[in-house]
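Remarks on the structure that follows.
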Amino acid sequence: MAVYVLGISAYYHDSAAALLRDGEIIAAAQEERFTRHKHDAGFPKNAVEYCLQEAGIVLGDVDYVAFYDKPFLKFERLLETYLAFAPKGFQSFRMAMPVWLREKLFLKDLLRKELQAYARDYDWDNRLRFSEHHLSHAASAFFPSPFEEAAVLTMDGVGEWATTSLAIGRGNQLQVIKEIHFPHSLGLLYSAFTYYTGFKVNSGEYKVMGLAPYGEPKYAQLIMDNLIDLKPDGSFRLDQSYFNYSTGLTMTSPKFHNLFGALPRQPKEKLEQCHMDLAASIQAVTEEVVLRLTRSIRSETGIANLCLAGGVALNCVANGKVLRDGKFDGLWIQPAAGDAGGALGAALAIHHIHLSQPREAGGQDRMRGSYLGPEFEQSEIERRLTMTGAKFTVLDDATLFQIGAAELAEGKALGWFQGRMEFGPRALGGRSILGDARSRTMQSVLNLKVKYRESFRPFAPSVLREDVANWFELDGDSPYMLLVADVVKNRRRAMTEQELTLFGIEKLNVPRSDIPAVTHVDYSARIQTVHANTNPRYHALISAFKRLTGCPVIVNTSFNVRGEPIVCTPEDAFRCFMGTDIEVLMVGNCVLRKEAQNVALKQDYKNAFELD
C-alpha cells in the first residue's frame, strides 16, 4: 500500500497544498491560482481538491495531513510580545485577539471542519500533524535537494519564534540546531524598507530588489550603525525603537523616519533617487548579512553543500553572491521558498522524519522542474477555449515551435501556456509571457502595455542550459530563476561618456548588451536555465528561436498582469490575452491571434486587480 501525506499551509499568506506518494511529490499548488486572489490566505480548498484529483484518490486514502506551523507557539509569541511592550500596541492587540480566539487558536478544529467535506470520519487524532514553521521550510529545501548531506539556512519574516535558523540534513534526517528569534528578523528588516519605499509588505520585496541597481548604497552604513548590530558570524539584533511591527499597525516608527529624513513614500507618489538609494542600501546590507551567515556556516560545520529556504531565499541577487563566494561545493534553493513551500516541507518532514521513510539523493533534485500544478489535455483545451468564444487554429508540435519562434523574432509578445503549472512565485515556461531578448523596446513594452506595472521592473532571461556560459557569467544550473549573474563581457555594449553620467531611472532605456531586454542597469540578469528533460516543449521553442536568430535567450515573465495571480486555466489565459497587448497566444497546440478574436470579448484588465 502506498503512503500518502498531504501538506497544507494556510491562514497567513500564500496558502497552498502539496501531496506525496511514498515520498514522491505528486502535486503542489497555491490557492491563489484557483481563486484568482493574489496571496490568498484562506484554507486551500481548491489546491487540496486538485492534489487529490491528480493522485486519483480521496482524502480517506491519505495517511497523514501535515500543517506547516504550530499555532500555539505562534500565539505564545504574540502574547509575550504584547506583554513585553504593554501598554504600547493595544490597538494592534485588540484587532488580533478576536481572530485568534475565534479561529487560529483552535486550528485543529478549524482544519477538521474544512476537511470534513472530503472525509467526515477521518481519524484526525492520529493522522493530523503540525510541523514547526522553520522545520517545514528546511524540509522543503533539504529533502528534495540532490544532496545526501547539507546545511540548511532558512531566513524569513517570522514563523512561531524563529526568523533565521540553521539545520543539518543527513539522509532522511533533519535537525534545527541554531535559531535567531523574533523580533530580530532579516526578513522584517527588508520588509520595513519595502514599506518605507512605498511598496506592499509580503508582496513588494522583489520590487525593492529590482529597484536597487538604480541607486547607490548611500545609507548602508547608516543602517549598520543604527538599525542592526551585525556580528562577524552573521548573527544580529535589531534596535526595535526604529520599528513598529512588533505591536503596531505599520512597519517603521517616527525614529526611523527621522533617521532617513522623510515620511514613508505613499504608493502613488513618484519614485525619487533617495528611494532608489534606500533600496540599494538595504539590498547591500542584506547581502552582507547573508554572506556572513553562509561563511560562518561553512566554517563551523565543514559541510560542503548548502540549501536555502524562507522568503529571503527568493532574493536571487543575494543568492548569486553566495554562489560566487565559492564557499560551498553545492547550492540548492527551494523554488517555492516562501510560505507556500511550507506545505510541501511539512509533508516531507512527516514522511522522512516522523515515519523514518528512506530518501534517495544524488543526480537531479526531486522537484520535477517545479511543474507540479494542473495541466490540460489538448481536447480539454479546445473545449474550454471554444466555450469562451476564442478563435484558434490547431498545429502539430514542430509547426507550433517554428511559428512561435518566428513570432518572437518579429518582436511580438507571446502568451505561452503549456503542460503543468509551476509551483512557486516564478513562471518557468509553463505559464509565461515571452519576448525577444534582443529587442531594445521589449522591456518597456511588456511592463507598460502587457503587465501594466512599474517601468523600472527588470525581466528575466530563459536560456538553453547548454548555452548559458556563452551568455552569462554562470556555468551551472539555475532552473528556478533564483540566481543572478552578469552578462558575459563580450556580449556587453560599451557605454558612451554621456550615458555613464546618467543617474537613477534615467539609466532605464540605455541598451547594455546584445540582449538588452533582460540586461539590468548593472549588467545583471535573473537567469533561468531551460532543460530538455524537465520542460521539453519550452526547450524546443527556444531551440527553434536559436536556429532562426542564433540567440538561445528569450524574455520570460509570468503570465499575468500586475496584481493578478499567474494564470491557471485556458480560460484565465484567454482573459489575460484579451485584456492586454499580447499579440499571440499558444495554449497547448492551439494558436490564437489577437486580430482574429471577437472585439466584444476584449476586457479592461488594467484596472481589474488590486495593485500588488
Side-chain angles (χ1 to χ4, degrees), residues 7-18 28-35 37-48 65-79 81-82 92-93 95-111 114 130-140 154-165 181-183 185-188 190-191 194-195 200-205 245-249 251 309-314 334 336-347 349 423-425 565 612:
I8 292 173
S9 65
Y11 307 123
Y12 184 47
H13 58 88
D14 295 311
S15 294
Q30 293 114 292
E31 184 68 4
E32 66 165 22
R33 307 292 172 84
F34 303 95
T35 63
H37 181 247
K38 189 93 166 178
H39 304 300
D40 195 324
F43 177 78
K45 174 180 180 292
N46 297 281
V48 168
V65 175
F67 193 72
Y68 82 126
D69 69 5
K70 294 190 173 182
F72 277 107
L73 286 178
K74 190 172 284 188
F75 185 68
E76 175 189 80
R77 187 250 301 168
L78 198 70
L79 278 181
T81 300
Y82 282 128
S92 175
F93 175 82
M95 293 175 66
M97 280 305 103
V99 177
W100 273 93
L101 295 175
R102 186 176 63 249
E103 295 178 359
K104 294 185 178 181
L105 196 56
F106 306 102
L107 199 61
K108 189 172 184 178
D109 289 335
L110 184 60
L111 287 169
E114 293 283 5
F130 294 85
S131 171
E132 288 197 22
H133 189 95
H134 269 229
L135 180 63
S136 296
H137 275 314
S140 79
T154 297
M155 302 167 288
D156 63 3
V158 60
E160 293 91 1
W161 278 103
T163 66
T164 303
S165 66
H181 284 179
F182 182 87
S185 167
L186 183 59
L188 291 174
Y190 205 94
S191 291
T194 301
Y195 166 81
K200 190 176 287 187
V201 172
N202 290 330
S203 163
E205 282 78 6
Y245 57 72
S246 288
T247 56
L249 302 177
M251 294 299 296
V312 178
L314 294 172
Q334 166 55 241
D339 276 9
L344 175 60
F423 182 51
D612 58 1

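Bear in mind the structure is a predicted one, so any value in this text is a computation, not a measurement. Side-chain atoms are counted along with the backbone in the values below, which use heavy atoms only and exclude waters and symmetry mates.
- Residues Phe182 and Leu188 form a side-chain contact, since some pair of their non-hydrogen atoms from C-beta on lies under 4.5 Å apart.
- For the side chain to side chain donor-acceptor pair (under 3.5 Å) with Asp14, the qualifying choice from Lys38, His39, Gln30 is His39, the only one to do so.
- With sequence neighbours left out, Ser165 forms a side chain to side chain donor-acceptor pair (under 3.5 Å) with His134.
- Side-chain N or O atoms of Ser185 include one that pairs as donor or acceptor with a backbone N or O of Asp156 at under 3.5 Å.
- Listed here is the closest heavy atom pair of Leu186 and Met155: CD2-SD, 4.3 Å.
- Using a distance-only test at 3.5 Å, with no hydrogens or angles considered, a donor-acceptor pair links the side chain of Tyr245 to the main chain of Pro183.
- Checked by atom type and distance alone, the side chain of Ser9 pairs as donor or acceptor with a backbone atom of Ala16 at under 3.5 Å.
- Between Phe43 and Leu110, the closest side-chain pair of non-hydrogen atoms is not below 4.5 Å.
- Atom NE2 of His37 is surrounded by 12 or fewer heavy atoms from other residues, nucleotides or ligands within 6.0 Å.
- The distance from the OG1 atom of Thr194 to the CE atom of Met251 is 8.0 Å, given to the nearest 0.5 Å.
- Residues passing the side chain to side chain contact (heavy atoms under 4.5 Å, CB included) test with Ala336 are Gln334, Phe423, sequence neighbours excluded.
- At least one side-chain heavy atom of His133 sits under 4.5 Å from a side-chain heavy atom of Asp339.
- Proximity of Tyr11 to Asp69: side-chain heavy atoms (C-beta onward) are nowhere separated by under 4.5 Å.
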